[in-house]
Amino acid sequence: MRLTILGGGGFRVPLVYRALLADALRGDPVVTEVALHDTDPGRLDAVAAVLAVQRERSGADVPVHATTDRAAALDGAGMVFSAMRVGGMPGRVLDERIALDAGVLGQETVGAGGISYGLRTLPEALAAARDVAEHAPHAWLVNFTNPAGLVTEAMAGVLGDRVVGICDSPVGLGRRAARALGLDPADVHIDYAGLNHLGWVRGLRSGGRDLLPDLLADTPALESFEEGRLFGAEWLRAVGALPNEYLHYYYFTREALQAARAAPRTRGEQIVEQQRRFYDEARERPGDAYELWDRTRLERERTYMADNRRASGGFEREAEDLDGGGYEEVALAVMRAVARDEPTRLIVNTRGRGALPGIGPDAVVELPCMVDGSGAHPLAAAPLTGHQEGLVRAVKAVERDVIGAVRTGSRTAALRAFATHPLVDSVEAAHTLLEEYTRAFPELQRVLRHD
């Protein structure tokens with residue numbers, strides 16, 4: 001089967017290719033050919049050089065073709081993986097910096113930055129979905145393009161249930177919690193519910209028991225892993241669940257904002273510098289591309305959510321969390337389950353279809369699903385608690401306003417999205433944000449055509 005990667009010059013593409021090569025070495029691989037598409041030929045060349053080294057060292061044969069022609073890349077694809085970044089890393093820098101300058105949190109997928117990113121990304125994501133429908137009408141689309149839940153819901157408006165959104169945060173959290181209990185993560189079923197970057201582990205079932213209460217009662221075990229240190233044992237016991245790391249922005253808003261303001265650079269500015277060195281040096285020294293990429297990857301992983309960790313007292317990431325193993329494995333598991341019709345239990349983003357009480361059936365949510373040849377089927381979930389449902393409903397309403405703003409060109413809907421987000425506490429701030437983002441991104445002026 002041919003896999004087409006939209007955003008094929010992206011920095012994390014080698015992680016996906018690593019998983020595909022390992023799958024090929026096991027025999028009978030699900031993907032036998034990869035087509036990379038990107039609008040930046042320089043980035044494509046750099047990533048292709050990394051993949052060439054990976055292929056040579058692995059001994060597996062998964063050919064790679066790179067092109068800037070999206071129609072050509074999609075032709076004959078059985079699976080499409082979307083990892084686009086509209087506006088590139090410079091766009092992320094503006095998303096984050098403009099929010100901070102307006103006095104609210106600057107983060108690429110959460111709050112004001114996430115709304116700006118969504119407004120800029122959805123027109124291109126919808127165009128890509130239409131191209132998939134035209135050039136690869138039988139292909140499934142696995143979406144990692146952020147904001148992943150929002151983009152998945154918009155793309156589903158074109159491709160229906162042939163879109164499955166993925167994220168590595170839930171599987172990473174589940175693995176760390178299982179290890180804290182001394183268990184093999186493969187033996188633990190995770191009860192997880194919410195939206196992308198806004199969800200909670202509500203149960204850890206193994207041997208016929210839910211072991212989450214045991215973990216919550218054990219402070220040393222609870223604070224032995226990243227989320228336990230980030231939120232603190234006392235707060236985790238108060239909410240009775242393990243929050244996704246991105247909920248730190250909601251539960252510790254003032255502290256996270258203070259840490260971001262005190263940092264010499266935003267996360268986007270930091271990654272721009274990291275990746276600029278990689279892409280420049282990889283083009284100059286293609287034979288060293290893999291080592292350059294791996295060095296940059298480790299630096300990126302070590303500094304992930306560094307501001308939030310400083311706001312929680314300061315701690316370093318564990319070595320086992322630096323090697324990847326989440327994002328690419330979820331992607332491969334989804335592709336295998338769909339292509340081979342092998343039912344697999346996975347946490348993914350898809351239309352809830354009533355599985356999560358209180359949330360509309362057409363809303364894309366992040367839940368454990370049974371994924372097979374007919375797509376992702378959400379498993380019935382227990383209701384969210386009051387504050388969980390309140391947050392989910394509020395953020396889902398914002399997502400719907402972003403989608404509506406792009407579809408209708410309405411500045412009013414975009415303003416409402418900014419003003420009603422829980423992390424933007426002022427209508428005046430929302431006006432400022434909308435004005436500054438549209439000034440910084442001319443494409444938004446074309447998207448938001450009327451009041």
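All values reported here derive from a predicted model rather than from experimental measurement.
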Arg70 and Thr4 side chains, donor-acceptor separation under 3.5 Å
no
Glu245 and Tyr304: side chain donor to acceptor below 3.5 Å
yes
Counting C-beta onward and ignoring hydrogens, is there a side-chain heavy-atom pair between Met335 and Leu20 closer than 4.5 Å?
yes
Measure the CD-CG distance between Glu443 and Leu448 for me, rounded to the nearest 0.5 Å.
10.5 Å
Roughly how far, to the nearest 0.5 Å, is the CG atom of Asp372 from the CZ atom of Arg340?
15.0 Å
With a 4.5 Å heavy-atom cut-off, do Leu433 and Val104 have their side chains touching?
yes
Scanning both residues in full, the closest heavy-atom pair of Asn349 with Gly149 reads OD1-CA, 4.1 Å
Mind checking side chain to side chain donor-acceptor pair (under 3.5 Å) for Arg43 and listing every partner two or more places apart, or none if nothing turns up?
Tyr279
Listing request: all side-chain hydrogen bond (donor to acceptor under 3.5 Å, both in side chains) pairs with a residue in residues 379-400, at least two apart in sequence or in separate chains.
Glu153-Lys396, Glu153-Arg400, Tyr251-His387, Thr385-Gln388, Lys396-Glu399
Could you tell me whether a side-chain N or O of Ser312 sits under 3.5 Å from a main-chain N or O of Leu230, the two making a donor and an acceptor?
yes
Once rounded to the nearest 0.5 Å, what's the spacing between atom CZ of Arg97 and atom CZ of Arg265?
11.0 Å
Can you tell me how the ring of Tyr246 sits relative to the ring of Tyr249, calling it parallel under 30°, perpendicular over 60° and tilted otherwise?
tilted
Set out, in order, the CA-CA distance, both residues' side-chain angles and the distance that settles side chain to side chain contact (heavy atoms under 4.5 Å, CB included) for Val110 and Leu105, then state yes or no.
CA-CA 8 Å; Val110 172; Leu105 273 167; 6.0 Å; no
With sequence neighbours left out, write down each residue that passes ring-ring contact (aromatic ring centres under 6.0 Å, His included) with Tyr437, or none if nothing qualifies.
Phe418
Please determine whether salt bridge (charged side-chain N to carboxylate O under 4.0 Å, His left out) holds for the pair Arg353 and Asp161, giving the CA-CA distance in whole Å, both sets of side-chain angles, and the decisive distance to 0.1 Å.
CA-CA 11 Å; Arg353 303 175 214 175; Asp161 291 327; 3.7 Å; yes
Thr420 versus Val398: any side-chain heavy-atom pair under 4.5 Å?
yes
Sidechain-backbone polar pair: Arg179 side chain, Gly182 backbone, donor-acceptor under 3.5 Å:
no
What's the shortest heavy-atom distance between Leu100 and Gly106, and which atoms?
CD2-N, 3.8 Å
Testing the basics here: between Val47 and Gly10, what is the closest heavy-atom pair and its distance to 0.1 Å?
CG2-O, 3.6 Å
N/O donor-acceptor pair under 3.5 Å between His450 side chain and Thr408 backbone:
yes
Which atom of Val392 lies closest to which atom of Gly194, heavy atoms considered:
CG2-CA, 4.2 Å
side-chain hydrogen bond (donor to acceptor under 3.5 Å, both in side chains) pairs, two or more places apart, involving residues 180-197
Thr109-His197, Asp191-Arg202, Tyr192-Asn244, Tyr192-Glu366, Asn196-Glu366
Flag, side chain of Arg237 to backbone of Leu216, donor-acceptor distance under 3.5 Å:
yes
Is Ser116 reaching over with its side chain to a backbone N or O of Ala112, donor-acceptor style, under 3.5 angstrom?
no
Are the side chain of Arg229 and the backbone of Glu223 linked by a donor-acceptor contact shorter than 3.5 Å?
yes
Under 4.5 Å between any side-chain heavy atoms of Val30 and Met79, yes or no?
no
With rounding to the nearest 0.5 Å, note down the distance linking CG in Leu215 to CG in Leu181.
4.5 Å
Report the C-alpha separation of Arg261 and Gln258 in whole Å, then their side-chain angles, then the decisive distance to 0.1 Å, and conclude whether the side chain to side chain donor-acceptor pair (under 3.5 Å) test is met.
CA-CA 5 Å; Arg261 283 174 161 172; Gln258 182 179 6; over 6 Å; no
Main-chain N/O of Ile98 paired to Glu436 side chain as donor or acceptor, under 3.5 Å:
no
Expected output: side-chain Arg267 to main-chain Gln107 donor-acceptor under 3.5 Å
no
Lys NZ or Arg CZ of Arg12 over Tyr327 ring: under 6.0 Å, within 45°:
yes
Is the shortest side-chain N to carboxylate O distance from Arg92 to Asp95 below 4.0 Å?
no
Less than 4.0 Å between a side-chain N and a carboxylate O, is that true for Glu435 and Arg439?
yes
Residues two or more places apart in sequence or in another chain: which of them pass side chain to side chain contact (heavy atoms under 4.5 Å, CB included) with Thr39?
His37
Minimum heavy-atom distance between Gly118 and Leu150, given as atom pair plus value
CA-CD2, 3.8 Å
Could you state the interatomic distance from CG (Leu36) to CD1 (Ile5), rounded to the nearest 0.5 Å?
5.5 Å
Got a donor-acceptor contact below 3.5 angstrom from the Trp293 side chain to the Phe11 backbone?
yes
Whether over 12 other heavy atoms sit under 6.0 Å from Arg254 CZ
no
Any heavy-atom pair between the side chains of Leu183 and Leu211 that's under 4.5 Å?
yes
Do Arg176 and Leu242 come within less than 4.5 Å of each other through their side chains, counting heavy atoms only?
no
Indicate yes or no: at least one non-hydrogen side-chain atom of Leu74 is less than 4.5 angstrom from one of Val80.
yes
Flag the pair Met89 / Gln270 as yes when at least one side-chain heavy-atom distance between them is below 4.5 Å, and no otherwise.
no
Search all heavy atoms of Val365 against all heavy atoms of Gly352 and return the closest pair with its distance.
CG2-CA, 3.7 Å
So how far is it from Asn146 CG to Thr152 OG1, rounded to the nearest 0.5 Å?
9.0 Å
Residue pairs meeting ring-ring contact (aromatic ring centres under 6.0 Å, His included), one or both in residues 116-142, sequence neighbours left out, come to none
